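Sharing a structure, written as structure tokens. Questions coming.
Bear in mind that the values here come from a model prediction, so they are computed numbers and not experimental data.
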Amino acid sequence: MTTMSEKLSDQLTRQSKRVSQSVFDGSRLRVVLLVDVYDGAQQQFLEAYEQLCNQVAQVPGHVSDQLCQSIENPSQWLITSEWESAPPFLTWVNSEEHVRMVEPLHSCVRDTRSLRFHVVRETGGDAAASASRRRLQTSPRIGDGVIRHALTFTVRPGSEPEVKRILADYASPRAKVDETTRLCRTSLFMHGNRVVRAIEVRGDLLAALRHVARQPEVRAVEEAINPYLEQERDLDDQESARVFFTRAALPAVHHVTADELPEGERLAQYYPARPGDGMRLAELLAQHDEAAAEDPDGPVLRSTIFQRDDVVVRLVDVRPGSGPRAATPEPGRQAALSALLDGEPVGMDLVTDRRSPDA
């Protein structure tokens with residue numbers, strides 16, 4: 001007979017092995033933006049920041065921000081901001097409003113890098129005194145060193161068969177980006193005229209995306225689908241390409257891996273959310289998948305939820321032979337999800353799923 005202590009020990013062991021990341025734990029968010037400004041454009045950048053700062057202060061969920069300039073290199077700047085939690089920040093940063101807000105920065109900024117962190121602990125003075133009133137991440141999450149990201153875009157109706165043929169027929173780029181970054185896996189799905197390309201990277205996501213964009217075989221595929229895109233782009237125009245990929249970004253908002261389990265069958269489900277309900281819909285799906293990860297014998301091995309505005313995509317690996325129905329939430333959760341949906345959730349067609357052999 002299994003004792004209570006043995007059950008608790010087994011549960012803690014399973015939890016320690018679980019890989020989990022989520023924006024839905026309710027804790028405060030610290031955003032760090034590293035900015036490289038063109039030489040001589042520091043005053044222009046400062047004026048653009050002041051304008052942007054006044055606008056961001058009106059965004060729901062924004063708490064404060066701070067601008068710093070390097071004492072070693074005046075072209076390097078650091079912007080930090082604090083938010084009540086991750087969802088309001090992500091809702092804003094992935095919006096068309098944000099795209100318009102940051103336009104004045106483009107002419108004076110050479111490069112940027114954004115980092116997002118949940119606040120886990122605070123120490124000293126006022127921070128310690130107010131810690132009980134501030135929402136902190138209760139415990140560190142266990143990661144696997146893999147960053148998950150996706151892109152989504154639409155093509156002109158009627159062009160789907162040709163686009164699918166082009167996207168399925170390409171040579172995979174070299175997995176090694178540099179000494180610390182590797183491409184691990186690329187999964188590409190379509191539903192109707194919507195394309196979703198999910199990538200898994202070990203190391204630096206931005207470095208990996210730039211590496212992929214420079215590969216001749218990838219560039220050839222991107223050029224081949226250009227005539228079929230609903231949103232036009234010119235890959236030779238840096239601004240045109242930047243705007244396209246900014247709007248196409250589909251960030252991962254939740255990921256859970258149940259345990260150290262074998263590879264399963266990869267599925268993708270598209271959930272069209274009602275206007276303004278995309279983040280809440282993603283949160284309900286995250287709650288379902290966290291519960292599914294509690295069952296060591298359940299069909300769901302791992303799940304990643306991607307969300308931007310009203311587009312929610314759930315990438316699920318299920319046990320071999322389980323089939324698509326195994327990934328469907330139970331009726332009770334389905335009812336709650338239905339209230340947030342603008343149409344039925346649908347399974348997406350797998351176009352290609354490639355693992356990098358040298359990753």
query: Is any side-chain heavy atom of Leu46 closer than 4.5 Å to a side-chain heavy atom of Leu67?
result: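 The answer is yes; the side chains approach within 4.5 Å.
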task: Tell me yes or no: between the side chains of Arg141 and Gln21, is some donor less than 3.5 Å from an acceptor?
output: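 Gln21 and Arg141 do not have a side-chain donor-acceptor pair below 3.5 Å.
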query: For the side chain of Ser240 and the backbone of Asp234, is there at least one donor-acceptor N/O pair under 3.5 Å apart?
result: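 Side chain of Ser240 to backbone of Asp234: a pair is present.
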query: Are side-chain heavy atoms of Thr180 and Asp204 found at a separation under 4.5 Å?
result: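 Sidechains of Asp204 and Thr180: no contact.
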query: Checking salt bridge (Lys or Arg N to Asp or Glu O under 4.0 Å) for the pair Arg219/Glu222: CA distance, chi angles, key distance, verdict?
result: CA-CA 5 Å; Arg219 179 60 180 257; Glu222 297 292 338; over 6 Å; no
message: Salt bridge check, Arg165 against Glu162: does any charged N sit closer than 4.0 Å to a carboxylate O?
response: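 Answer for the salt bridge query: yes.
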- request: Flag yes if Trp92 and Phe24 sit in one hydrophobic cluster, no otherwise; membership is Ile, Leu, Val, Met, Phe, Trp, Tyr, and two members link when side-chain heavy atoms are under 4.5 Å apart.
  value: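 They do share one cluster, since a chain of ILVMFWY contacts under 4.5 Å joins Trp92 to Phe24.
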- request: Indicate yes or no: at least one non-hydrogen side-chain atom of Asp310 is less than 4.5 angstrom from one of Pro272.
  value: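 SC-SC contact between Asp310 and Pro272 ruled out.
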query: Which residue, Val312, Leu284, Asp342, forms the side-chain contact (heavy atoms from CB on, under 4.5 Å) with Tyr271?
result: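 Among Val312, Leu284, Asp342, the one meeting side-chain contact (heavy atoms from CB on, under 4.5 Å) with Tyr271 is Val312.
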query: Quick check: are there more than 12 heavy atoms from other residues, nucleotides or ligands sitting under 6.0 Å from CD1 of Ile71?
result: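 Not buried by this count: 12 neighbours or fewer within 6.0 Å.
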query: Would you say Arg247's side chain and Glu96's backbone share a donor-acceptor pair under 3.5 angstrom?
result: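 Between the backbone of Glu96 and the side chain of Arg247 there is no qualifying donor-acceptor contact (under 3.5 Å).
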field: Inter-residue atom distance Thr80.OG1 - Asp65.CG, 0.5 Å rounding
entry: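 With rounding to 0.5 Å, OG1 (Thr80) is 7.5 Å from CG (Asp65).
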- request: To the nearest 0.5 Å, tell me how far Asp25 CG sits from Ser20 OG.
  value: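 Result: 9.0 Å between the selected atoms.
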message: Between Glu82 and Arg30 (salt bridge meaning N to carboxylate O under 4.0 Å), is one present in this structure?
response: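 Looking at Glu82 and Arg30, the cut-off is met.
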- prompt: Using 4.0 Å as the upper bound for N to carboxylate O, is an ion pair formed by Asp144 and Arg302?
  reply: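 No, no charged N to carboxylate O under 4.0 Å.
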message: Would you say that Ser70 contacts Leu78 through its side chain, given a criterion of any heavy-atom pair below 4.5 Å between the two side chains?
response: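 Of all side-chain heavy-atom pairs linking Leu78 with Ser70, none is under 4.5 Å.
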message: Looking at Glu232, I want to see if its CD is surrounded by more than 12 non-hydrogen atoms of other residues, nucleotides or ligands under 6.0 Å.
response: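 Open.
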query: Taking the side chain from Thr154 and the backbone from Arg194, do they hold a donor-acceptor pair closer than 3.5 Å?
result: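 Such a contact is absent between Thr154 side chain and Arg194 backbone.
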message: Can you tell me how far apart CE (Met190) and OG1 (Thr352) are? Round to the nearest 0.5 Å.
response: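 If we round to the nearest 0.5 Å, Met190:CE and Thr352:OG1 are 13.0 Å apart.
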message: Under a 3.5 Å cutoff, is there a donor and acceptor pairing between the side chains of His254 and Glu290?
response: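 A donor-acceptor contact under 3.5 Å links the two side chains.
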Side-chain H-bond candidate by donor/acceptor type, Ser159 with Asn193, under 3.5 Å: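 Short answer, no.
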task: Decide yes or no for Arg197 and Leu188: does some side-chain heavy atom of the first lie under 4.5 Å from some side-chain heavy atom of the second?
output: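 Counting from C-beta outward, Arg197 and Leu188 do come under 4.5 Å.
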- prompt: How about Gln231 and Val243: do any of their side-chain heavy atoms sit closer than 4.5 Å?
  reply: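 Answer yes - side chains close enough.
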message: Once rounded to the nearest 0.5 Å, what's the spacing between atom CD1 of Ile79 and atom CD of Gln69?
response: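 These two atoms lie 11.5 Å from each other.
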query: Is there side-chain contact between Pro104 and Gln44, with heavy atoms separated by less than 4.5 Å?
result: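 No. Closest side-chain heavy atoms not under 4.5 Å.
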message: Checking side chain to side chain donor-acceptor pair (under 3.5 Å) between Thr304 and each of Arg314, His255, His149, Glu200, which is the one that passes?
response: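 Among the candidates, only His255 passes.
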task: Please lay out, stage by stage, how Arg242 and His106 fare under the test side chain to side chain donor-acceptor pair (under 3.5 Å).
output: CA-CA 10 Å; Arg242 186 198 65 78; His106 298 161; 3.2 Å; yes
- prompt: About how many Å separate CG of Asp309 and CG of Leu90, when rounded to the nearest 0.5 Å?
  reply: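 Answer for the CG-CG pair, Leu90 versus Asp309, is 11.0 Å.
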- prompt: Do Val351 and Val221 belong to the same hydrophobic cluster, where Ile, Leu, Val, Met, Phe, Trp and Tyr are linked whenever their side-chain heavy atoms lie under 4.5 Å apart, directly or via other members?
  reply: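 They do share one cluster, since a chain of ILVMFWY contacts under 4.5 Å joins Val351 to Val221.
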field: Co-members of Leu250 in a cluster of I, L, V, M, F, W and Y side chains, linked at under 4.5 Å
entry: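 Phe189, Val196, Tyr270, Phe306, Val311, Val313, Leu315, Val346, Met348, Leu350, listed by chain and number.
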task: State, yes or no, whether a side-chain contact exists between Arg174 and His211 at a heavy-atom distance under 4.5 Å.
output: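 Of all side-chain heavy-atom pairs linking His211 with Arg174, at least one is under 4.5 Å.
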field: Verify same cluster id: Leu235, Val155 (apolar side-chain graph, 4.5 Å)
entry: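 Yes: a chain of side-chain contacts under 4.5 Å links Leu235 to Val155.
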query: In terms of the angle between their ring planes, are Phe244 and Phe153 parallel, tilted or perpendicular, with boundaries placed at 30° and 60°?
result: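 Phe244 and Phe153: tilted rings.
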- prompt: If you measure from CG on Leu29 to CD on Gln137, what distance do you get to the nearest 0.5 Å?
  reply: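 Separation between the atoms: 10.5 Å.
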- request: Could you list who else is in Val146's hydrophobic cluster, with ILVMFWY side chains joined at under 4.5 Å, directly or through other members?
  value: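 The other cluster members (ILVMFWY side chains, heavy atoms under 4.5 Å, direct or chained): none.
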- request: Identify whether the distance between the nearest side-chain nitrogen and carboxylate oxygen of Arg100 and Glu103 falls below 4.0 Å.
  value: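 Salt bridge between Arg100 and Glu103, a charged N being under 4.0 Å from a carboxylate O: no.
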